[in-house]
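Just so you know, these numbers come straight off a predicted model, no measurement behind them. FYI, side chains are in, hydrogens and waters are out, and symmetry mates aren't considered; it's all heavy atoms of this structure.
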Amino acid sequence: MICAICGYSTVTWKPSLTATRCSHCGGINCQRQDPVGTQEGQACNRDGCAGHLAYVHDDPDGGCACHINQPCSYCTNQHLECDTCGWGEPTR
């Protein structure tokens, strides 16, 4: 989990009697945030999205031509996209 106050990524959360406290910065009731997904198969976690990231091709009707000349543009022109919220990494 990542602390919303200090951004420290390996926080161990210790509940106190009245609040949750970050063991790194000592912040009280700082929101625990899951890191956003950056690789295929990871949870998106952008604005609370529960979707997962997957590679999509820029030309979904095309097909692999690596058997002719590898690597083909179909295989090299793909980007990560969330299957739920539609977030996609910037295209090149």
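- Residues satisfying the side-chain hydrogen bond (donor to acceptor under 3.5 Å, both in side chains) test with E81, not counting sequence neighbours, are H79.
- Other cluster members for W87: L53, Y55, L80, joined by side-chain heavy-atom distances under 4.5 Å among Ile, Leu, Val, Met, Phe, Trp and Tyr.
- Annotation: side-chain contact (heavy atoms from CB on, under 4.5 Å) contacts of C66 (sequence neighbours excluded): C64, Q70, C72, C75.
- Considering NE2 of H57 and OG of S73, their distance stands at 10.5 Å, rounded to 0.5 Å.
- For D83, the side-chain contact (heavy atoms from CB on, under 4.5 Å) partners are H52, not counting sequence neighbours.
- Here A54 pairs with nothing under the side-chain contact (heavy atoms from CB on, under 4.5 Å) rule; sequence neighbours left out.
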